[in-house]
Amino acid sequence: MSFTIVEQAPARLNRSEQAVPGSNTRFLEKAAAGNADVVFLDLEDAVAPSEKEQARKNIIQALHDLDWSGKTVSIRINGLDTHYMYRDVVDILEACVDKVDLIMIPKAGTASDIYALDMLVTQIEQAKGWTKRVGFEMIIETALGMQNVHEIAAASKRNESLHFGVADYAASTKARTVNIGGPNPNYGVLTDTLETGNRDFHWGDMWHYAIARMVVAARANGLRPIDGPFGDFSDAEGYKAQARRAAILGCEGKWAIHPSQVDLANDLFSPSEKDVAQAQAILDAMEEAQRSGKGAVTLNGKLIDIASIKQAEVMVKTAEQIKA
Ligand code: GLV
Ligand code: MG
């Protein structure tokens, strides 16, 4: 291990992160009664400029009147380049800080963005004498944010998670697509004819680099990496495929931009009974190995060693967190 110990953000279930526009009171009510691990009440891109103020009021009302217990509540504020942002933070925190767990910072571009917001939130907390510390989740969704993702991840003790905002990221990098996430038929390779005599077209995952890079920045700073939206909410199989590949790369959850995606995410980001049983078998076998002074053994025809213990512990710990 390095002499540098990575401090972990407070543990929270973050399998599903549901987006709920603050401008729609019916959606707010439904989300409070739903199954999402985290809900983010949106003041940014799902809310038209003419509705921003009313959306803020709706959110304050909903935080006071509805029962959000069992959920983590986040507020997606407007970007730091807009004049809406400071009122989003001041009005909502002053009215109901005890109901807000996280602030979601969209289009995080530099570590200074996080620093500035940390200062504002710290001042509000101090002025009010609050001891509860609101956490931050940052959306990495611009070329600038991706360039500075490591510094952003390390910018504040409030930081808890990084999110891949695929739609804005595509716009910012000028990717040739108008979809919100998902594969693209033009991103692939044509195989050569050497082995089979045929040429096949293999689709690739055009978001692989961005997600993998975000995962590294998040994990190196003790944060949760979360995959962002999948716009085609009528395509459950497509959503599941995207969520699965994000989980395999290390993400802990995925956004749900439609209520139908919440259960899909909760299910996909929960390790299966089979996975947990296999992880437990590894832990048992390694305990036995260590008792007899061995660092590596064979389990079901495969080598396992001390690194396997760490992998298995992640799986077992996640399962315990879900059960709790
Ligand atoms: C999310 O905000 C995105 O732009 O995908
Ligand atoms: Mg966005």
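We're numbering straight along the sequence, starting at 1. Computed over heavy atoms, backbone and side chain alike; hydrogens, waters and symmetry mates excluded. Counting convention: from 1, in listed order, for ligands and their atoms alike.
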Donor on one side chain, acceptor on other, [X] and [Y], under 3.5 Å:
X: Arg158; Y: Thr122; answer: yes
X: Asp37; Y: Asn14; answer: no
X: Ser74; Y: Glu137; answer: yes

For atom 5 (O) of ligand 1, what is the nearest protein heavy atom, given as residue, atom name and distance? Ala167 N, 2.8 Å
Considering non-hydrogen atoms of the protein only, which is the closest contact for atom 3 (C) of ligand 1, and what is the distance? Glu141 OE1, 3.4 Å
Is Arg76 near ligand 1, meaning one of its heavy atoms is under 4.0 Å from it? yes
Check the Mg ion (ligand 2) and write out every protein N, O or S atom at under 2.8 Å, as residue and atom. Glu141 OE1, Asp168 OD2
Crowded around Arg291 CZ? As in, over 12 foreign heavy atoms under 6.0 Å? yes
Carefully, step by step, assess Met315 and Gln278 under the rule side chain to side chain contact (heavy atoms under 4.5 Å, CB included). CA-CA 9 Å; Met315 195 79 81; Gln278 195 184 354; over 6 Å; no
dist Ser161:OG -> Phe136:CZ (nearest 0.5 Å) comes out at 11.5 Å
Centroid separation Phe230 to Trp255 less than 6.0 Å: no
Between Arg76 and Ala19, is there a donor-acceptor pair closer than 3.5 Å when you use the side chain of the first and the backbone of the second? no
Per-atom contacts of ligand 1 with Pro229, taking only distances under 4.0 Å to non-hydrogen atoms: 5 (O)
